[in-house]
Every structure is written in structure tokens, then in C-alpha cells.
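Read the structure below first, then the notes.
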2 protein chains.
Amino acid sequence: MLKIGRLAELSGVSVRALRYYEEQGLLESERTPAGQRVYQESAVERVRFYQQLYAAGLTSRHIARLLPCIDSGHTDADQRRMLREQRDRIQAKMDELASVLRRLDELIDLTRTHP
Amino acid sequence: MLKIGRLAELSGVSVRALRYYEEQGLLESERTPAGQRVYQESAVERVRFYQQLYAAGLTSRHIARLLPCIDSGHTDADQRRMLREQRDRIQAKMDELASVLRRLDELIDLTRTHP
DNA sequence: CCTGCCTCTGACGTCAACGTCAGATTCGAG
DNA sequence: CTCGAATCTGACGTTGACGTCAGAGGCAGG
């Protein structure tokens with residue numbers, strides 16, 4: 001059982017971010033009688049996963065729509081379509097990054113021989 | 001010789017974006033006597049390259065600092081450091097994307113067998 | 001000369017994922 | 001009990017890459 005500050009530490013995000021995730025419907029929390037948030041240990045992994053998804057260019061809304069798949073393993077046609085959509089988008093982005101990487105490497109080589 | 005609307009068409013960005021690039025010092029333009037912008041054909045390629053760099057997570061300022069390397073092929077120590085910095089950042093991001101891709105693929109597999 | 005589209009500058013609007021601040025509570029160590 | 005640290009809600013601020021709108025002027029065809 002973690003309080004919000006501890007979860008923030010363990011998962012490497014800010015307290016504000018965790019409250020924001022809850023606001024967006026991504027992260028549930030129990031409450032103490034006084035109203036303080038309490039999380040399961042498993043929340044650490046979940047928050048880290050969210051960070052990866054954000055870094056991959058998904059929005060809160062995308063993630064919210066993926067949650068049912070992640071939690072239940074069950075999906076309707078729409079969700080499966082979205083999963084593939086995001087998958088393809090990420091693949092495309094990787095290709096683009098690879099292309100930029102090659103160009104930067106060329107530049108680096110070029111400026112090593114031409115200082 | 002291209003006017004701004006034509007360049008926007010050919011390079012796939014908005015007219016507003018082109019003016020913004022100029023504002024940020026990324027794109028020069030000649031001017032007609034009446035003050036309208038005129039570009040070389042080579043601007044098309046350049047703008048497309050900028051789009052790739054933006055997509056790779058660089059900011060206008062980053063790109064502006066890279067311009068001397070791109071144009072002259074000469075660099076000082078600071079610029080070389082920055083080139084490697086961006087290169088490494090992009091590599092790290094690709095690794096992260098690859099990781100997310102694997103997880104999404106797992107999910108897709110899982111939801112194919114568990115519809 | 002008229003007209004409809006293009007372009008100009010300048011300025012405010014947008015969107016997402018938080019940062020930050022204020023003021024009030026609550027917790028926990030001593 | 002006390003007092004500093006952590007937490008709460010609510011609300012406004014930030015940043016980057018543009019979108020959008022207003023008002024004015026330029027350009028080509030008929």
C-alpha cells in the first residue's frame with residue numbers, strides 16, 4: 001500500500017502527474033477515511049507503462065481507450081482496430097527515426113573528417 | 001522559384017508553418033519588390049528534413065543550432081557534442097518505441113486468441 | 001477596371017501534460 | 001501536544017508548433 005509521494009518516487013513521475021492520470025481515468029486509488037490516496041504496489045509498473053505509452057506518442061485518451069484491453073484481455077473490433085493503428089503508427093515513427101538517425105550519423109562522420 | 005503557397009503544397013506543411021520557420025531562423029527567403037516571399041526549389045527538401053527533425057523530437061532551437069553543421073559541414077566542439085547528444089537521444093527513443101511495440105504486439109496476439 | 005485568390009503583418013487561440021501556487025487538512029515523529 | 005512534512009482541492013501558468021482571424025495590399029484573367 002503506497003501513498004502518492006511514495007508511488008511518485010518509485011515510478012519516477014511527479015505527484016502532480018499521478019493526480020493528473022487519475023483525472024484522466026487512467027489510475028484508480030483507494031482513499032483513507034481522511035481522503036488521502038492509497039495505491040497497490042502494482043501501480044508502480046502500471047505508471048511506468050503509461051510513461052512508455054506517452055513517450056511513444058499516445059495521448060491520455062488513447063491510453064484510456066486501451067485500458068479495457070490491457071485489463072481484461074478482451075477487445076471489441078474497434079479496440080483491436082485501434083491497437084493495430086497505434087502499432088502501425090509506432091512502427092512508422094521508428095522508421096522515421098531510423099532515417100533521421102542515419103542522416104545525423106552521416107553528418108557526424110562528415111564533421112569528423114572535416115573538423 | 002516558388003511562392004509560399006506552392007512551397008507549402010510541395011513540402012506538405014502549412015503556409016503558417018513556413019512563416020514560423022522563418023521566424024525561428026530556419027528558412028530564409030528572397031522577397032519580391034512588393035514584399036512577397038520567394039523560395040528556391042531546394043527549400044522543398046529542406047522543409048521536409050525539418051519535419052523529420054521535428055518528428056524526431058528536436059525543437060526549433062535545436063535545429064537552428066544544427067544549421068551551421070548542415071550548411072557548412074564544419075563544426076565546433078559544442079556542435080559535435082550536440083549532434084551526438086541528439087543522436088543518442090533518438091537511439092534511446094527508438095529502443096523505447098521498440099519496447100512498446102513488443103508490448104502492443106503481445107496484446108494484439110493475446111486478444112486474437114481471446115476475442 | 002473588376003474580381004477572386006494569394007500574400008502580408010500582427011496578434012490572439014489551441015492543445016496536452018503537466019508545473020506551480022494558495023490555503024486548508026492530515027500525518028507521524030518526538 | 002506540537003510542528004514540520006505530506007496531502008488535499010482548485011485554479012491559473014507554461015511550452016512548442018503551429019491554427020485562426022482581421023485588415024490591408026498584391027496579382028492574373030476576363
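Below, read A as the first sequence line, B as the second, and so on, with proteins coming before strands; counting in each chain starts at 1. Computation of the quantities below employed the complete heavy-atom set of this structure, encompassing side-chain atoms and omitting hydrogens, waters and symmetry-equivalent molecules.
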With the side chain of B/Arg19 defined as its heavy atoms from C-beta on, choose the nearest nucleotide among C/dG19, D/dT7, C/dT7.
C/dT7

Answer yes or no: does a side-chain N or O of A/Tyr54 lie under 4.0 Å from OP1 or OP2 of C/dA16?
no

To the nearest Å, how far apart are B/Glu23 CD and C/dG10 P?
10 Å

Minimum side-chain heavy-atom gap B/Ile70-B/Arg46 below 4.5 Å
yes

Select base, sugar-phosphate, or nothing to describe what B/Tyr50 touches, counting heavy atoms under 4.0 Å on all strands.
nothing

B/Leu26 near the nucleic acid: base, sugar-phosphate alone, or nothing, with a heavy-atom cut-off under 4.0 Å?
nothing

Between A/Glu41 (side chain) and A/Met1 (backbone), is there a donor-acceptor pair under 3.5 Å?
yes

Between B/Arg103 (side chain only) and B/Ala98 (backbone N and O only), is there a donor and an acceptor less than 3.5 Å apart?
no

Which residue lies toward the 5' end of DNA chain D, A/Arg16 or B/Val15, if each is placed at its nearest nucleotide?
A/Arg16

Return the value, rounded to whole Å, for the distance between atom CG of A/Leu53 and atom P of C/dC18.
12 Å

Assign each of B/Leu18 and A/Gly5 the nucleotide of DNA chain D bearing its closest heavy atom; nearer the 5' end lies the nucleotide of A/Gly5

Just checking B/Leu58: base, sugar-phosphate only, or nothing, at a heavy-atom cut-off of under 4.0 Å?
sugar-phosphate

Which of the following nucleotides, C/dC6, C/dA17, C/dT26, is nearest to the side chain of B/Gln36?
C/dC6

Among the nucleotides C/dT9, C/dT20, C/dG28, which one has an atom lying closest to any side-chain atom of A/Lys3?
C/dG28

Closest approach to the side chain of B/Ile4, judged atom by atom: which nucleotide of C/dT7, C/dT9, C/dG19 is it?
C/dT7

Whether the side chain of A/Arg37 and the base of D/dT7 hold a donor-acceptor pair under 3.5 Å is what I'd like checked.
no

Distance check: side-chain N/O of B/Arg6 vs OP1/OP2 of C/dT7, anything under 4.0 Å?
no

Treating B/Gln79 as the side-chain partner and B/Cys69 as the backbone partner, does any N or O pair qualify as donor plus acceptor under 3.5 Å?
no

Is there a donor-acceptor pair under 3.5 Å between the side chain of A/Arg37 and the backbone N or O of A/Thr32?
no

So B/Ser60, base contact, sugar-phosphate only, or nothing? Heavy-atom distance under 4.0 Å.
sugar-phosphate

Could you state the atom-to-atom distance from CG of B/Leu2 to P of C/dT7 in whole Å?
11 Å

Modelled atom types, side-chain donor and acceptor of B/Tyr50 and B/Ser60, under 3.5 Å:
no

Base, sugar-phosphate alone, or nothing: which one does B/Arg61 contact when heavy atoms must sit under 4.0 Å apart?
nothing

Value in whole Å for how far the P atom of D/dG16 lies from CD1 of B/Ile63
13 Å

Identify which nucleotide among D/dC18, C/dT26, C/dA17 has an atom closest to any side-chain atom of A/Ala34, counting heavy atoms from C-beta outward.
C/dT26

Answer yes or no: does a side-chain N or O of B/Ser14 lie under 4.0 Å from OP1 or OP2 of D/dG19?
yes

Check whether any side-chain N or O of B/Tyr21 sits under 4.0 Å from OP1 or OP2 of D/dA17, and answer yes or no.
no

Ignoring the backbone of A/Tyr20, work out which of D/dC18, C/dA17, D/dT9 is nearest its side chain.
C/dA17

